[in-house]
Amino acid sequence: MSDAMKSVAIVRKIERPNTKQFIGKIFKDFLEFHGDRLFADDGAIVGGIASLDGIPVTVIGIQKGHTLEENVACNFGAPNPEGYRKALRLMKQAEKFHRPVITFINTAGAFCGIGAEERGQGEAIARNLMEMSRLKTPIISIFIGEGGSGGALALAVGDCVWMLEHGMYSVLSPEGFASILWRDSSRAAEAAALMKMTARDLLQNEVIDRMFIEPREGLENNLEYTTAEIKSALLETIPELMGMDLGHLLEKRYQRFRKFGEFVE
């Protein structure tokens, strides 16, 4: 098994800490908000306001469960359009009160059911990309597990994009990639290595800005180690971003993502 596929197996473990666990360790006084004010509340995305050592912040993340019942409740971490619209509602609220936005990402991808498509899944993701690119408040996006395609990107247009050591970010799953490229999903390990989807690959290619080493005994056995590192980084970075001229902040964010378009061209 390739090193990339080993990371895939690690982030897919049912025991891996989820967004709510990260929020509970890093922030205080988390108050969760619900609903997109259009259709429904989506359990796959949690969000609200919290305190980071006295700094008011907006926290949004994609939630996965540890049991079958929990995963059914959060749709196995596959958001519907109302989830992305709830996230955008909270981001616009953060902009109004000039609170920094912190997102946690862990999804194999957006839900691709008929209902989600009927309610505008593609439009909801595209609108998040557009609105986040010009949101007038700092955004920090942190990949704590899987990062699949537009479903992950819809919460990842940040001024800083960070990732845990075994996180991953790709256009689709290794199994899907292998099925399309070779018509053989059993070659997923080979595909994972080819896709350059690991934190180390992404850091080297400047897709992410920072990687957090995970404890050897497993993230689920020592979550405090990693959350302490993330909290320290947030406390260092947020004041810098908040003190930046707004026009400069938005221009830097634009240029950060524009360079990937130039690379493709």
Side-chain angles (χ1 to χ4, degrees), residues 11 18-20 22-23 32-48 57-64 74-95 99-113 115-164 167-173 176 197 202 207-209 250 253-254 256-258 260-261 264:
V11 298
N18 57 32
T19 286
K20 285 188 175 180
F22 275 85
I23 292 174
E32 185 177 355
F33 294 162
H34 298 273
D36 67 342
R37 301 297 187 265
L38 292 171
F39 180 74
D41 185 47
D42 184 5
I45 290 187
V46 298
V57 297
T58 291
V59 186
I60 304 165
I62 301 173
Q63 177 73 1
K64 287 186 178 182
C74 62
N75 204 32
F76 293 84
N80 279 282
E82 51 269 23
Y84 292 115
R85 290 175 180 135
K86 173 171 68 173
L88 180 57
R89 178 174 75 84
L90 297 179
M91 284 187 268
K92 296 300 285 185
Q93 182 195 73
E95 180 183 55
R99 289 193 299 262
V101 175
I102 298 134
T103 65
F104 292 93
I105 299 155
N106 184 15
T107 182
F111 188 58
C112 56
E117 297 300 328
E118 289 175 340
R119 296 193 300 277
Q121 184 71 288
E123 188 276 340
I125 292 173
R127 183 166 294 276
N128 273 29
L129 304 185
M130 179 181 70
E131 294 288 354
M132 289 183 77
S133 70
R134 61 190 186 191
L135 196 75
K136 296 181 179 67
T137 198
I139 307 169
I140 298 175
S141 301
I142 308 171
F143 284 80
I144 59 173
E146 292 185 273
S149 195
L153 184 58
L155 292 183
V157 184
D159 302 293
C160 297
V161 180
W162 301 341
M163 183 175 285
L164 270 59
M168 51 184 271
Y169 193 11
S170 62
V171 68
L172 77 170
S173 69
M197 61 194 298
L202 296 167
V207 175
I208 64 172
D209 307 296
L250 295 179
R253 188 186 305 161
Y254 173 79
R256 186 190 189 287
F257 288 90
R258 178 60 187 164
F260 302 121
V264 172

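These figures come from a predicted structure and were not determined experimentally.
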Please check: side-chain N/O of [X] versus main-chain N/O of [Y], any donor-acceptor pairing under 3.5 Å?
X: E95; Y: K136; result: yes
X: Q121; Y: F111; result: yes
X: Y84; Y: A126; result: no
X: D42; Y: A44; result: yes
X: D209; Y: W162; result: no
X: R134; Y: Y254; result: no
X: Q63; Y: K20; result: yes

[X] side chain near [Y] side chain, heavy-atom distance below 4.5 Å:
X: V57; Y: P100; result: yes
X: F104; Y: N18; result: no
X: L164; Y: I142; result: yes
X: R119; Y: L38; result: no
X: V101; Y: T137; result: yes
X: V207; Y: V161; result: no
X: M132; Y: L88; result: no
X: R253; Y: R256; result: no

**Request:** Using a strict 4.0 Å threshold on nitrogen-to-oxygen distance, state whether R85 and E123 make a salt bridge.
**Result:**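 The answer is yes: the pair qualifies as a salt bridge.
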**Prompt:** Does a side-chain N-to-carboxylate-O contact under 4.0 Å join D41 and K86?
**Reply:**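 K86 and D41: salt-bridged.
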Taking all non-hydrogen atoms of both residues into account, name the closest pair between [X] and [Y] and its distance.
X: I125; Y: G151; answer: CD1-N, 4.3 Å
X: L129; Y: L153; answer: CD2-O, 3.4 Å
X: G109; Y: P79; answer: O-CD, 3.9 Å
X: I45; Y: A87; answer: CG2-CB, 4.4 Å
X: L155; Y: S141; answer: O-OG, 3.0 Å
X: N106; Y: G145; answer: OD1-CA, 3.4 Å

**K64 and T19: CA distance, side-chain angles, deciding distance, side chain to side chain contact (heavy atoms under 4.5 Å, CB included) verdict** = CA-CA 7 Å; K64 287 186 178 182; T19 286; over 6 Å; no
**Prompt:** Once you round to the nearest 0.5 Å, how far does OG1 of T103 lie from CZ of F143?
**Reply:**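 Atom-to-atom, T103:OG1 and F143:CZ are 7.5 Å apart.
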**Request:** Please say which of L90, I23, V46 ends up in a side chain to side chain contact (heavy atoms under 4.5 Å, CB included) with V59.
**Result:**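 Running side chain to side chain contact (heavy atoms under 4.5 Å, CB included) over L90, I23, V46 with V59 returns exactly one hit, I23.
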**Item:** side chain to side chain contact (heavy atoms under 4.5 Å, CB included) between M91 and N128, worked out
**Value:** CA-CA 9 Å; M91 284 187 268; N128 273 29; 4.1 Å; yes
